[in-house]
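Every chain is numbered from 1, with letters handed out A, B, ... down the list of sequences.
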Amino acid sequence: MFKVWYHDNKSFAEYLIKITNLGNYNPQIEKISLGRNFADNPDAIQKILYLDVPDAIITYGFPEKPVLGIEFCAEAPSGHDIFQRVARVVASASFGTAFAFIFPEKKWVIRRIGGRWDIYNPLPLRALVNISTFHKVPAIPFFWEASQLSGNKSEGFLLTDQEFPNMPDRNSAEMKKFAEFVNLTITYVLQNRNFEEMMFDPFILERVAWMWDKYHERYRRKPDLYSWSPLTSCKIIKTSELVELVREKIGIEPNLPHYIIDRADTIVYEPSTRNFRADPYTGSLVGIDYLTCRNGESVRHRYRNLVIHFPHVSFQKMKKMFVRYYKEECPFRPNNEETDTYLTLHLRDGCRYTKQKELRIYCYIADLLLFHDAALY
DNA sequence: TCGCCGGTACATCATCAGCG
DNA sequence: CGCTGATGATGTACCGGCGA
């Protein structure tokens with residue numbers, strides 16, 4: 001009745017089953033289908049992949065209903081690196097699927113001269129509190145602990161598991177908490193209790209307190225939201241100034257929708273990259289939304305506009321991306337002869353799930369996308 | 001000194017052509 | 001028709017100059 005779905009690494013699923021009570025239910029392991037086989041996924045899994053794909057998904061029953069998404073991240077936790085996975089947390093949470101996000105508390109990074117601890121950015125913790133609050137479903141972080149004494153030197157001193165060398169040590173305090181969370185989720189599912197109720201479970205209340213505790217532990221050092229990534233690349237302007245900015249870019253008066261005009265303020269995320277690329281900016285954009293714009297569960301529930309601006313990218317560059325998709329992959333391309341599940345998927349949902357991640361996330365999340373020569377809204 | 005963040009190396013995936 | 005290797009796209013993690 002439980003199944004564990006994995007994206008590209010089967011050992012994630014095996015590890016999960018080993019360290020939690022999942023093993024008691026003899027769960028099947030399945031691979032998430034991507035690309036042309038996307039339609040093979042159960043409907044409810046398709047839904048939570050509309051922005052991005054997590055490392056593992058636990059489902060229950062038939063048709064399979066996702067109950068928990070899981071992400072394991074081994075990347076150094078400072079700067080924007082953790083944020084790039086936030087879109088997949090939000091995609092799950094917004095369809096009522098709980099989430100566990102594991103990332104390093106700190107990691108030893110080698111620099112030209114010696115090395116140093118790269119310690120976690122506090123903002124992902126705050127973003128996760130907000131995601132949980134708005135969607136009324138637990139989206140909970142767990143630290144992948146590190147130690148110079150007992151950690152794996154080649155992995156930046158992260159504590160790694162004996163049996164699964166790419167995974168966090170199951171005997172660390174945080175991974176025990178993680179296993180407890182997975183087990184709690186299983187209990188709620190089996191008792192047919194909803195996740196909204198789980199938000200008031202003592203375990204979750206305790207964990208949320210822990211999240212704020214860990215947030216402030218770091219935030220204290222620089223007690224200004226906008227001095228932590230990715231808000232360091234953002235500025236807040238009046239919406240009247242936004243209208244002016246757009247007019248400058250496109251040369252004519254923009255006809256912005258009323259819901260944009262009606263919000264007094266606008267936050268502009270302005271990465272200075274020359275490439276139109278997904279990571280880490282897609283995830284950061286979602287993080288910025290939950291940190292500084294949202295006041296509810298949908299993209300319309302915002303008290304402030306969310307704009308992403310690529311001052312060094314031309315619209316042509318983005319256009320190239322969806323033109324390539326249309327010409328080579330989209331089943332709607334005029335020369336397509338196939339009448340398969342991929343075509344049927346598109347007849348039902350368009351390219352919601354199959355077009356490039358950049359296009360999915362930026363266009364779904366931002367109120368307005370600004371290039372150096374164009375605006376999309 | 002600490003953390004940022006754009007660039008990049010590299011791994012992996014899906015797809016497809018060529019081959020037995 | 002299945003296998004295999006090539007290829008381009010995508011995703012992960014790392015690097016290190018730099019600025020506060």
According to salt bridge (Lys or Arg N to Asp or Glu O under 4.0 Å), does anything in residues 297-315 of chain A pair up with another residue at least two apart or in another chain? List the pairs.
A:D289-A:R302, A:R302-A:D367

Separation of C:dA9 C1' from A:N275 CG (nearest whole Å):
14 Å

A:Y362 and A:F310 aromatic centres sub-6.0 Å:
yes

What residues, two or more places apart in sequence or in another chain, satisfy side chain to side chain contact (heavy atoms under 4.5 Å, CB included) together with A:A179?
A:T20

Who pairs with A:Y60 by ring-ring contact (aromatic ring centres under 6.0 Å, His included), at least two apart in sequence or on another chain?
A:F2

Contacts of A:D161 meeting side chain to side chain donor-acceptor pair (under 3.5 Å) (sequence neighbours excluded), chain-then-number -> A:R170

Using a cut-off of under 3.5 Å, enumerate the N/O to N/O pairs linking the protein to nucleotides 5-7 of chain C.
none

Sequence neighbours excluded, the answer for side chain to side chain contact (heavy atoms under 4.5 Å, CB included) partners of A:A146 is A:K106, A:W117, A:L158

For A:Y281 and A:N9, take the nucleotide of DNA chain B holding the closest heavy atom to each; which residue's nucleotide lies nearer the 5' end?
A:Y281

Tell me every residue that passes side chain to side chain contact (heavy atoms under 4.5 Å, CB included) with A:N194, counting only those two or more places apart in sequence or in another chain.
A:E196, A:E197

For the aromatic rings, using the six-membered ring if either is Trp, is the centroid distance between A:F143 and A:W210 under 6.0 Å?
yes

Apply side chain to side chain donor-acceptor pair (under 3.5 Å) to A:Y226 and list each qualifying residue two or more places apart in sequence or on a separate chain.
none

How would you label the contact of A:R116 with the nucleic acid (heavy atoms, under 4.0 Å): base, sugar-phosphate, or nothing?
base

Set of residues satisfying side chain to side chain contact (heavy atoms under 4.5 Å, CB included) with respect to A:S240, sequence neighbours excluded
A:K238

Please find the earliest and latest nucleotides of DNA chain B, in the 5' to 3' direction, that have an atom within less than 4.0 Å of any heavy atom of chain A.
B:dC2 to B:dC16

Measure CZ/A:F276 against P/C:dA9 and give the value in whole Å, please.
15 Å

Protein-nucleotides 10-12 of chain C N/O pairs under 3.5 Å:
from	atom 1	to	atom 2	distance (Å)
C:dT10	OP2	A:R324	NH2	3.2
C:dT12	OP1	A:R88	NH1	3.2
C:dT12	OP2	A:R88	NH2	3.3

Considering only residues two or more places apart or on different chains, which pairs with a residue in residues 77-99 of chain A satisfy ring pair (Phe, Tyr, Trp, His ring centres under 6.0 Å)?
A:Y50-A:F95

So which one's nearest nucleotide on DNA chain B is more toward 5', A:R274 or A:G79?
A:G79

